[in-house]
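Report on the following structure.
In what follows, every chain begins at residue 1, and chains take the letters A, B, ... in the order their sequences are listed.
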2 protein chains.
Amino acid sequence: MPRPSEPTRERIIKAASALFYSEGIRRVSVDEVAAKAGLTKRTLYYHFRSKDDLVAAYLAARDQPNLVLFRTWFADAEGGVPAKVEAIFRNLARSARHPKWKGCGFLRTSAELANMPGHPAIRIGAAHKKKFEDWMRATFAAEGISDPLQLARQVLLLLDGSFAVVLLHRDASYMETAGEAVRALIEMALAKRRSRKRQLPG
Amino acid sequence: MPRPSEPTRERIIKAASALFYSEGIRRVSVDEVAAKAGLTKRTLYYHFRSKDDLVAAYLAARDQPNLVLFRTWFADAEGGVPAKVEAIFRNLARSARHPKWKGCGFLRTSAELANMPGHPAIRIGAAHKKKFEDWMRATFAAEGISDPLQLARQVLLLLDGSFAVVLLHRDASYMETAGEAVRALIEMALAKRRSRKRQLPG
DNA sequence: GTATGTATACTAACCAGTGAATATACACAA
DNA sequence: TTGTGTATATTCACTGGTTAGTATACATAC
């Protein structure tokens, strides 16, 4: 029954997402994913070459939605860039207080597959984080900050640090603490920019 | 042969450490650990109740040595507290450039066992990070910084963020970037302290 | 009547944990 | 000095369950 082929594949990815994120990659069997998707393992293997393929698809499906969420939180926040970036961390803290929250799927996968550096899933995770970094870099560059890449990387470091620490301690307040560090660093960079501008003629 | 019992147990933990850190918890079987330790699985189960027990012992054995290493890097660095804390990150970057480096064993275990929040290994990891945080807090308190706990947590966030990001991108320079953020945050806190002091009489 | 898609049933390997037996060291009695 | 019991330490062989991936056949749509 050649149903457009999209629904089935999407259904598998959705089931895989829920299980892989909640339980971890190695703990979830392909049979479990198939069962959750309401079909047999053999059908799953018709749509995906291997489990590694499925893992990569799971992360690829999370790439854009995650970034869109961050952009929305940023756009909807009031205030300047420091407050808007800090708002990302406050919203993240709210998410992290949900009982089903289990950290960042990209980072957890990279930790689980640390012994396979070239794994497709790790490359997808790395690309995802680079997109976030580049968005921040462009945002800071537009503000005239002198080293926007360095500042963007520091935001990323505090973001991923939040994921790791909150997952370990199950204490979402660390995310607000990270948000305050981020705001301080951005405000410092903005102040440097202003003082430099003041020294220019005119 | 009741050899003091210490060497065998230590040998098992050493073998487990090497394998769990390098390959991950779930990927390594108890048989592999026993083989690496030069004994049978049944002997291993004489010294440890379960694999979970062994995992906990693996992390417990890493607790003090890791902290001692950080303290040594801090103590051996020249300059004030900002430079000394930054030195931890520079030394960490050097370690991370070693090909066998695979991130932070505590964080990777917490990521792998994220679906078992009460697991002994996770509690050991959380306690380890708390010890680091408390050391930093005490250090900052001795410098008269007004909110030493907040600053200590921000250092921890940048430390663990470094582990996560460098593991994903395999680019140790992020650790130096984190070190610069840490130095800036500490210097800012010290400056606030000084300016407050200056306002005091005398 | 051929592409696409799905299911049943299977393989071959792996894995955490156990039952039963054995070997060694050492304390203590003869 | 020699015999013996006991706690410690180790091995072999096994179980019951799980897992990624496949061979083969069948169904549906166009």
Side-chain angles (χ1 to χ4, degrees), chain A residues 1-59 109 112-116 118-122, chain B residues 1-59 109 112-116 118-122:
Chain A
M1 55 184 70
R3 299 275 181 70
S5 150
E6 282 310 284
T8 302
R9 192 185 158 90
E10 293 308 308
R11 208 154 33 106
I12 295 170
I13 291 178
K14 205 177 159 190
S17 267
L19 289 170
F20 286 154
Y21 178 73
S22 158
E23 309 282 330
I25 304 292
R26 302 197 73 85
R27 194 176 188 84
V28 172
S29 71
V30 179
D31 289 88
E32 284 175 281
V33 175
K36 177 134 188 161
L39 33 77
T40 66
K41 175 166 60 174
R42 195 63 189 81
T43 300
L44 189 153
Y45 273 101
Y46 177 81
H47 292 275
F48 298 92
R49 187 179 294 171
S50 65
K51 185 180 181 181
D52 285 340
D53 233 45
L54 182 59
V55 173
Y58 143 61
L59 288 184
T109 302
E112 254 193 290
L113 306 180
N115 62 322
M116 312 174 82
H119 194 288
I122 290 178
Chain B
M1 55 183 73
R3 299 275 181 69
S5 149
E6 282 310 284
T8 302
R9 193 186 157 90
E10 293 309 307
R11 208 156 30 108
I12 295 170
I13 290 178
K14 204 176 160 192
S17 266
L19 289 170
F20 286 154
Y21 178 73
S22 159
E23 309 281 330
I25 305 291
R26 303 198 73 84
R27 196 177 186 85
V28 173
S29 70
V30 178
D31 289 88
E32 284 175 283
V33 175
K36 178 134 189 161
L39 33 79
T40 66
K41 176 167 60 174
R42 199 63 187 78
T43 301
L44 189 153
Y45 273 100
Y46 177 80
H47 292 275
F48 298 92
R49 186 179 294 171
S50 65
K51 185 178 181 181
D52 285 340
D53 233 45
L54 182 58
V55 173
Y58 143 60
L59 289 184
T109 302
E112 252 192 292
L113 306 181
N115 62 323
M116 310 173 83
H119 194 289
I122 290 178

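dA3(C) is unpaired under the criterion used here, namely a Watson-Crick or G-U wobble arrangement in which both key atom distances are under 3.5 Å. In this structure dT28(D) sits in no base pair that meets the Watson-Crick or G-U test at under 3.5 Å.
Note that CD1 of Ile12(B) and OH of Tyr46(B) are 11.0 Å apart. Values are rounded to the nearest 0.5 Å. A distance of 9.5 Å separates CD in Glu23(B) from CE in Met116(A), rounded to the nearest 0.5 Å. Atom CG of Leu54(A) is separated from atom CZ of Phe20(A) by 4.5 Å, given to the nearest 0.5 angstrom. Taken to the nearest 0.5 Å, the OG1 atom of Thr109(B) stands 10.5 Å off from the OH atom of Tyr21(B). The structure places OG1 of Thr8(A) at 10.0 Å from CD of Glu10(A), a figure rounded to the nearest 0.5 Å.
Between His47(A) and dT6(C) there is a side-chain N or O to OP1 or OP2 distance below 4.0 Å. Listed pair Thr40(A) / dT6(C) fails the phosphate criterion, with no side-chain N or O lying under 4.0 Å from OP1 or OP2. Side-chain nitrogen and oxygen atoms of Tyr46(A) include none within less than 4.0 Å of the OP1 or OP2 phosphate oxygen of dT6(C).
In this structure, Ile12(A) atom CD1 and dT6(C) atom C1' are separated by 11 Å, rounded to whole Å. Remark: P of dA9(D) and CZ of Phe48(B) are 12 Å apart, rounded to the nearest angstrom. Rounded to whole Å, the distance from CZ on Arg42(A) to C1' on dT4(C) is 13 Å.
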Worksheet item: Could you run down nucleotides 10-17 of chain C 5' to 3' and tag each one B, S or - for protein heavy-atom contact under 4.0 Å?
Response: -----SBB

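For Glu112(A) against Asn115(A), the heavy-atom pair with the smallest separation is O-OD1, 4.1 Å.
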